[in-house]
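Below you'll find the structure, written out as C-alpha cells, and then a few comments.
As the structure lists them, so they are numbered: ligands from 1, and atoms in each ligand from 1. Numbering starts at 1 and runs along the sequence shown.
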Amino acid sequence: MDSSKSRGALQDSTSENNNNNNDGDEEKDELCPGFQDVDAFVKYGLGAVLSATKASGALPQVGDEYDFYRSFPGFQEFCQSQGDQLLHCMSQIMQYHGCRSLMRDRNKLTGLEERFDLVVDSNDAILERAGILLDEADGVNRSQQPVMPAGFQPPKIVVSSWNRKSSGSGSRAETFRLLHAKNIARPQLKFREKVDNSNTPFIPKIFIKPNAVKPLPSCKTYRPEDLDVPAALADFIHQQRTQKPVEDMFAHPYQYELDHLTTPESLLSKPLSNLFSTNCSFIDSLEDLVALNEKLCSLSEFAVDLEHHSYRSFLGLTSLMQISTREEDFIIDTLELRSEMYILNEAFTDPSIVKVFHGADSDIEWLQRDFGLYVVNLFDTHQASRALNLARHSLDHLLKHFCTVDSDKRYQLADWRIRPLPDEMVQYARTDTHYLLYIYDCVKTQLLETNHGQPGLLQSVWNKSKDISLKKYVKPIFTEESYLELQRKQKRSLNTQQHTAFRLLFAWRNKLARQEDESTGYVLPTHMMIKISEELPREPQGIIACCNPVPPLVRQQINELHSLVQQAREMPLLKVRKEKGVSSGYITCYPEVTLFGPHDTSRVSESDLPHFSPDGEFNACTCCEPETKNDQESLSVAHMKARRIIEAFENPFRMYLPTSDVHVNENAKFDPSSKIFEISKRWKLQSIEQQQKELEAKRKAKADAKEQTKKCCTEYICCQPISFQESAKGGGKKRERVASEVGESTPKPTKKLIKSAEKPQKTEPPPQDSFTPFDYSQSDLKVFADPKSKDNTQFDPNRQAHDPKKKGQKSNSAAGNRSMSYMAGKSERGFRHNWPKR
Ligand code: AMP
Ligand code: ZN
Ligand code: MN
C-alpha cells in the first residue's frame with residue numbers, strides 16, 4: 001500500500017480543502033512515527049516479532065535445562081518480572097480493545113487454560129478488527145456492490161417505538177423495515193462543501209435569489225473577504241464593515257415574497273385536467289438537472305417529495321428528490337447533485353408555479369438545510385386533507401381514497417443513500433409524487449364543493465401551506481441544559497452520580513456525533529446511555545456490558561467513557577428530591593467544565609436559560625439560588641433577575657457565527673459555455689432589472705413615502721428573530737411526522753406499482769409498550785479503532801479528527817464506515833477558495 005501516493009490522489013480530488021491537506025501531512029508523521037510509510041513500519045514490526053519469537057525459542061524448555069536453571073534465584077526473579085511485564089502489557093491491550101483482560105485474574109490462581117482462552121478470544125477480536133480495517137484500506141469494500149435490500153438480503157426488521165404502526169383495528173401491528181445496505185460509501189465524503197455541524201445557528205445557504213421582489217441583503221450576495229482569520233470571524237468583520245444587522249443573515253430569504261403572495265383566481269377555481277405522468281427519468285447530472293429546471297419553469301404546477309437519511313449523519317441528508325409533472329416523473333440523486341440543486345430555486349420560488357407536496361413540514365426544512373432551496377406557492381395536500389376532515393391524512397390514505405391505489409410505505413425508512421437505487425425503491429419513491437397532482441385536483445374540487453363553491457376553505461389551505469413554506473430550518477444547538485429535556489422524557493429518578501453521568505455522556509455523544517458526522521443514536525443509543533448512567537460501571541468492561549451490541553464509537557472511546565463515568569462516581573451521592581411536578585428533582589451545579597463553562601451563557605439561548613420545568617418552577621443552579629429554591633415568589637424574582645442579566649449582555653457568540661455554507665461552482669458559473677452560467681446571468685439580469693424598477697418606483701414616490709417603504713421592507717427582511725427554542729425541539733434525530741400521519745395508516749400489500757417488492761413481511765409484532773433496542777448486528781457496523789491509541793488513553797478530538805486511517809488514504813470515496821471530521825480547527829468550513837475573490 002503506497003500511502004503517500006494515494007494521499008496525493010486524495011489531495012487532487014479534494015483540492016478545495018487546503019487545510020485538510022496540511023492535516024494530511026501531520027497525519028503522515030503521526031501514523032508511523034519514524035517510518036517512511038506503512039510498509040516500512042510493517043517490515044520493522046515483523047522483524048521485531050521474529051526476533052522476539054527467536055529469543056523465546058532460545059529460552060530453556062521445560063524438561064530441558066529449565067529445571068536446572070530454575071534452581072538459580074536470579075533466573076527465577078528474571079522470569080517472574082518478565083512474565084509480569086508481559087501479562088501487564090497483554091492486559092492493557094485487551095482492555096483497550098474492550099476484551100476481558102488478564103488483569104483481574106492476575107493475583108488469583110486461575111488456570112493456565114482459562115488465561116489461554118482469554119488470549120485466544122482477544123486475539124480473535126483484535127485480528128478481526130485489523131482485517132476489517134485492512135480490507136477497508138485496500139478498498140475491498142468499495143468495489144463491492146451495495147447489498148440490496150429486497151431479493152438479495154433477508155429483510156431486516158427493526159422494531160422500535162417510533163417506527164411501529166398499529167393498524168386501526170388493533171388486529172396486528174405492522175413494522176417498517178429499516179433497510180440497511182452494506183458497504184455504502186459515506187456520501188458526505190463526496191460533498192464539495194463540508195457539512196457544518198458546528199454548534200452555531202443555521203444561516204440560509206442562498207446566494208442567488210431568483211424571482212426576487214426584494215433582493216437579497218448584500219451580505220448574502222458575496223462572500224466575506226478571504227481574511228486570514230477564522231471564517232466566522234471574517235463574517236463578523238464583514239458585518240461590521242457593511243453595518244448590516246445580524247438578523248439579515250438569518251431571515252427567511254423569501255419572507256417578503258411570501259408575505260406579498262396572493263392566490264390568483266385560477267387557483268381558487270375547479271381544476272380542468274387530470275392527466276397522468278408516464279415516463280420516469282433518473283437525474284444525476286448537472287446537465288439533466290438544468291434541463292429539468294427549464295422544463296419546470298414552463299409549467300404551472302408540479303409535485304415534489306423528498307427522501308431522507310438520518311442515521312449516519314448528524315444533521316441528516318436529503319438523499320432523493322422526486323418530482324412529477326403531469327407528463328413525467330423525475331427522480332433526482334440529491335447526494336450527487338447536492339451542490340447544484342440550488343438552481344431549482346428558479347422554478348421553486350416562481351410564484352406562478354404551484355408546488356404540490358404532501359406533508360411538507362420536514363421537506364421545507366431539508367430543502368433549506370441541504371440545498372438552500374425555498375418554495376414560493378406551495379400547496380400541501382396534507383393540509384387539504386385536514387381541511388376536508390378526511391378520516392386520515394396520510395398519503396397512503398389519500399392514494400386509496402382518490403386513486404384507489406394501495407401504496408406501501410415499507411421503504412419509507414429504507415437507507416436512501418443506496419446507489420444504484422434498487423428498482424423497488426425507485427418505484428416506491430416514484431409513487432410518492434406520481435399521483436400527487438391528481439390528488440391536488442381532487443382535493444381542490446372537493447374543498448370548493450364542501451364549501452358550496454366558495455373559495456374560503458381552499459384559501460385556508462393555501463394560507464396554511466404558505467405558513468409551512470415560511471418555516472425556517474433551525475440547527476440543533478447544544479447547550480449545557482440540552483440533556484435535561486431528554487432526561488425528563490425518561491421519567492427516571494437518578495441520584496447525583498447517575499445524573500452527572502447522564503449529563504456527561506449526553507455531552508460526549510453530542511460532541512462526537514458532530515465531529516464524526518453521525519447521529520447521536522449511532523454514537524450511543526439513548527437506552528444504552530441510560531443504562532450506563534444507572535449502573536455506573538467501575539470498569540470499562542462494565543460499560544461495554546451495558547451495550548449490546550456495542551456501538552463502534554463506544555468501543556473506540558471506551559477509555560474516555562470510563563473516565564466520564566469515574567468522574568460521575570466522584571460526585572457526592574445525594575438522593576433525588578422528588579418535588580411535585582419537577583421531574584428531574586433537582587438541578588446540579590456544574591463545577592467541572594464540560595463543553596462550555598458552567599455559567600457561560602454565551603451559547604445558551606434565552607429559551608434555555610433560565611430553565612423552567614413544565615409546571616413553571618425555576619430550576620436554578622443550586623449554587624446560585626440555594627435558599628430560594630422552594631419559595632415560589634422568590635423564584636420568579638430570581639428568574640426575572642436572571643433574565644435581566646441575560647438581556648443586558650450582548651450575546652458574545654454572535655461574533656463566532658459562521659457564514660452560510662454556500663457553494664459557488666466557480667468554474668461552471670464563470671464558464672460562459674455552461675448552462676449554469678446562463679442561468680446565473682439570467683438571474684443577475686432579472687435582479688438588476690428588479691432593482692432598477694425599484695429605483696424608479698422609489699424616485700417617483702414622495703420623500704416621506706420613500707422613507708416609509710424603506711422602513712417597511714427592512715422590517716420584512718431583517719426582523720426575523722432567531723428561534724432557539726425550535727432548535728432544541730428539532731434536536732432529536734427521530735423526526736416526528738405530522739401527528740396524524742403517525743400510526744394511523746396501515747401499510748398495505750402493493751397492488752400494482754411495487755410488484756417486485758411484494759414480499760411477505762416476517763413481522764413479529766412485539767407488545768405495544770415494549771421497546772426493542774436498535775439491532776446493530778443487522779447493520780454493517782465496522783469497528784474503527786484508533787491505531788495509535790495504545791498510549792492514547794484520553795480522547796483528544798483533534799488527534800482523533802486527524803486520524804489518517806479515517807480520511808481514506810486511497811480514495812475520497814472510501815467505504816461506508818469511515819470516520820469523518822468536521823471540527824478540525826480553523827478551517828471548519830474550509831472552502832474559502834470557493835469565495836469569489838474581490
Ligand atoms: P415521506 O415524505 O413519507 O416520503 O418521508 C420522507 C422521509 O422522512 C423518509 O425518507 C424518512 O427518512 C423520513 N420519515 C418518514 N416517516 C418517518 C417516520 N415515521 N419516522 C422517521 N422518519 C420518517
Ligand atoms: Zn415527503
Ligand atoms: Mn417520500
Angle, OE2 of Glu307 through the Mn ion (ligand 3) to OD2 of Asp305 - 10° precision: 120°
Residues His358, Thr381; criterion side chain to side chain donor-acceptor pair (under 3.5 Å); working and verdict: CA-CA 5 Å; His358 180 85; Thr381 50; 2.8 Å; yes
Pair Trp366 and His308, ring centroids less than 6.0 Å apart: yes
Check: Glu346 main-chain N/O paired with Asn211 side-chain donor or acceptor under 3.5 Å: yes
Minimum non-hydrogen distance to atom 14 (N) of ligand 1, winning option of Leu413, Thr433, Asp432, Thr431: Leu413
Trp416: numbered ligand 1 atoms lying under 4.0 Å from its heavy atoms: 10 (O)
N/O separation below 3.5 Å, His308 to ligand 1: yes
Part of Lys409 within contact of ligand 1 (heavy atoms, under 4.0 Å): side chain
Per-residue contact class, Asp305 against ligand 1 - non-hydrogen pairs under 4.0 Å: side chain
Atoms of ligand 1, numbered as shown, that sit under 4.0 Å from any heavy atom of Leu306: 4 (O), 6 (C)
Element-labelled atoms of ligand 1 that are located less than 4.0 Å from some non-hydrogen atom of Glu307: 4 (O), 5 (O), 6 (C), 7 (C), 9 (C), 10 (O)
Validation row, ring centre Phe371 to ring centre Tyr342 under 6.0 Å: no
Structural part of Tyr411 in contact with ligand 1, heavy atom criterion under 4.0 angstrom: neither
N or O contact, Gln412 vs ligand 1, cut-off under 3.5 Å: yes
Pairwise distance OG(Ser407) to OH(Tyr435) - rounded to 0.5 angstrom: 9.5 Å
Shortest-distance N, O or S atom of Asp432 relative to the Mn ion (ligand 3): OD2
Min side-chain heavy-atom separation Phe357-Phe379 under 4.5 Å: no
Pair His252 and Tyr374, ring centroids less than 6.0 Å apart: yes
Pi-cation contact, Phe478 with Arg514 (under 6.0 Å, within 45°): no
